[in-house]
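Each chain gets a letter, A, B and so on, in the order its sequence line appears, and its residues count up from 1.
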There are 2 protein chains.
Amino acid sequence: MSAEFMTDAHQNILEIVRVMQDTLRKSDRKVAAVILADPSRFLSATVAETAMIANVSQPTVIRFCAAIGCSGFQDFRLRLAQALALGTPATHSVLLESDGPATVFDKIFDYTITSLDWARNRIDKETLSHAVEMLVAAKGIEFFGFGASGIVAQDAQQKFPLFGIPCGAQTDAHQQIMTASLMGPGQVAVVISNTGSTRSIIEIADLARGTGAKVIGLIGNTSPLMAHCDVTILIETLDNTDVYTPTISRIAALTVIDVLSTAVAMRRDPAQRTRIAAMKQQLRDLRSA
Amino acid sequence: MSAEFMTDAHQNILEIVRVMQDTLRKSDRKVAAVILADPSRFLSATVAETAMIANVSQPTVIRFCAAIGCSGFQDFRLRLAQALALGTPATHSVLLESDGPATVFDKIFDYTITSLDWARNRIDKETLSHAVEMLVAAKGIEFFGFGASGIVAQDAQQKFPLFGIPCGAQTDAHQQIMTASLMGPGQVAVVISNTGSTRSIIEIADLARGTGAKVIGLIGNTSPLMAHCDVTILIETLDNTDVYTPTISRIAALTVIDVLSTAVAMRRDPAQRTRIAAMKQQLRDLRSA
DNA sequence: ATCTTTTCAGTAGCATAATTACAGGAATTC
DNA sequence: GAATTCCTGTAATTATGCTACTGAAAAGAT
């Protein structure tokens, strides 16, 4: 993770303050300390109040803002408000050996929410619409994925039949090949891959396409697989591949699956809804209380 | 949705503006219109600029702020910043028949992020720590779940072995019974259920407990299942059970799984990490680019 | 160790932005 | 049709954020 990333305008300002704390001037550090101690207190504070709380002069507060990369005190307050809106009261997204479960919890939830936000801002809604069109028109759908993406495929396979579209999920290499080569026109293959460069998944895309089926890619990175799909939905996330960093990509992918299944359902015959209601009732009957 | 809820201080300010739009003065409505049209534009705008854009006088802008329940223009900007941090550019969380894919996308991502935030603020970190303790000490782990919770179970089963803990995931009713009754002391069963009242999952919890194994519950609602677990992690979400509302609960549950697996991994022998690094390398080799 | 240079933090003043007081005008009511 | 109420803009006021400058402290050089 590069240095310029840390000063990125979209980075959580509290995170920036925490990281830069040590490199700051002595007086600026006083400001940083009181802010990190109780960030929400400064949402409605003026420069004068902030200066008083930190026991420094007002220009020092302004200089502090400049030092952490804000264009002024106003800008700082704005970014503080945004940071606090995402909930994060002074959490640090990098996991440390010393972190207890509670801290790990805070950091991972922070990270997940931030990443989802990131993915949302980057997705291309036009290709998404294209994908919905294709799925609405599909006679059948097959989902393909390995590992974490296999989980996403299975999840999709659970959701789509609810709306009257027969579909399957293939997570085994051999099953994938068999299923892909037995597809045909009118059917849609959804290939799911975080890296987009796993060799076998590319082969699957080609196989399916060879039968006349359409191929939609749910891919986490700009990658070779994209060229082998009719429509590619890029789901960009903050996934750094450190050992302890959990894979956020599948969360984003699952949310996209929600979007697709919901959008498709809304486009199809409303009669489906009554059938779903009936099914939900049956599920309820399985429960004791 | 009660009236006092709509003017709640924690409510999304854009939502408030949208709802109150019709009840406003004529000039105020002009202000509301330009803000709703492009909210982010006003993050760094002054009163004078806002007034100019809306073609009204500066005091009107101030009066508009007061009308929608803000204590001033500053306060308004702050709340606008928070609203935009959660991304929601004038979306309405309820899905409408007429919504296109792009709108569905916005709404579902909004909803997912908000719900995750909700879950984060409500989870009990002490029981989470308990669960981590139990998992760290476990000789083996079994995950149980049906349907969407089955997906979560499988995901967990993929993650935990990375850190040297043998485990399995059971999503089939018969397999679940067999596996649960063959557990024993030192082992941990993790039962996953959104409702917490599915009859068979309660039986599984009892079966596992009968063998001397510990039972951890990942449950979405206060429910009967809780009484059958040694430790219960309640994951509260905004899940309303409308037909078109996607199940956010599994996303929250997956994130909790991330937390658990990460926290457990950090507590175990660091030697594991080198083994994981080696494994990741092998995975990389499977890729073409 | 002393002088020079550089960095740092505070005082004072300035410019801009938010707010309030007031007054003319439109809409509503009687 | 007159009176009242409610809007909305002009002008003045206040407070807030920001800049220029100066003295002090720290770092470096001779």
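Computed from coordinates, the A/Asp75 CG to D/dT16 P distance equals 19 Å when rounded to whole Å. Atom-to-atom, CZ of A/Arg77 to P of C/dA18 comes out at 10 Å; the value is rounded to the nearest Å. When the P atom of C/dT19 is taken as reference, atom CZ of B/Phe76 falls 12 Å away, rounded to whole Å. Atom CD in A/Gln58 sits about 15 Å away from atom C1' in D/dA20, given to the nearest Å. Atom CZ of B/Phe64 is separated from atom C1' of C/dT19 by 17 Å (rounded to the nearest Å). Rounding to whole angstrom units, CG of residue B/Asp28 and C1' of D/dC6 are separated by 12 Å. C/dG10 atom C1' lies 13 Å from atom CZ of A/Arg25, rounded to whole Å. With rounding to whole Å, B/Phe73 atom CZ is found 14 Å from C/dT16 atom C1'.
The environment of B/Arg122 atom CZ is dense: over 12 non-hydrogen atoms of other residues, nucleotides or ligands sit within 6.0 angstrom. More than 12 heavy atoms of other shown residues, nucleotides or ligands fall within 6.0 angstrom of atom CD in A/Glu49.
Of the candidate nucleotides D/dT19, C/dA18, D/dT8, D/dT8 has the atom nearest to the side chain of B/Lys26. Distances from the side chain of A/Pro59 to the nucleotides D/dT8, D/dT19, D/dT10 place D/dT19 closest.
Mapping B/Ser27 and B/Gln74 onto DNA chain D by nearest heavy atom places B/Ser27 at the nucleotide closer to the 5' end.
Remark: side-chain polar atoms of B/Arg77 are paired, donor with acceptor, to backbone N or O of B/Ala45 under 3.5 angstrom.
Residue B/Ser57 has no polar side-chain atom (N or O) positioned under 4.0 Å from OP1 or OP2 of D/dT8.
Contact annotation: the side chain of A/Thr232 never approaches that of A/Thr127 to less than 4.5 Å [non-hydrogen atoms, C-beta and beyond].
Taking only distance into account, the side chain of A/Arg63 meets the base of C/dG10 through a donor-acceptor pair shorter than 3.5 Å.
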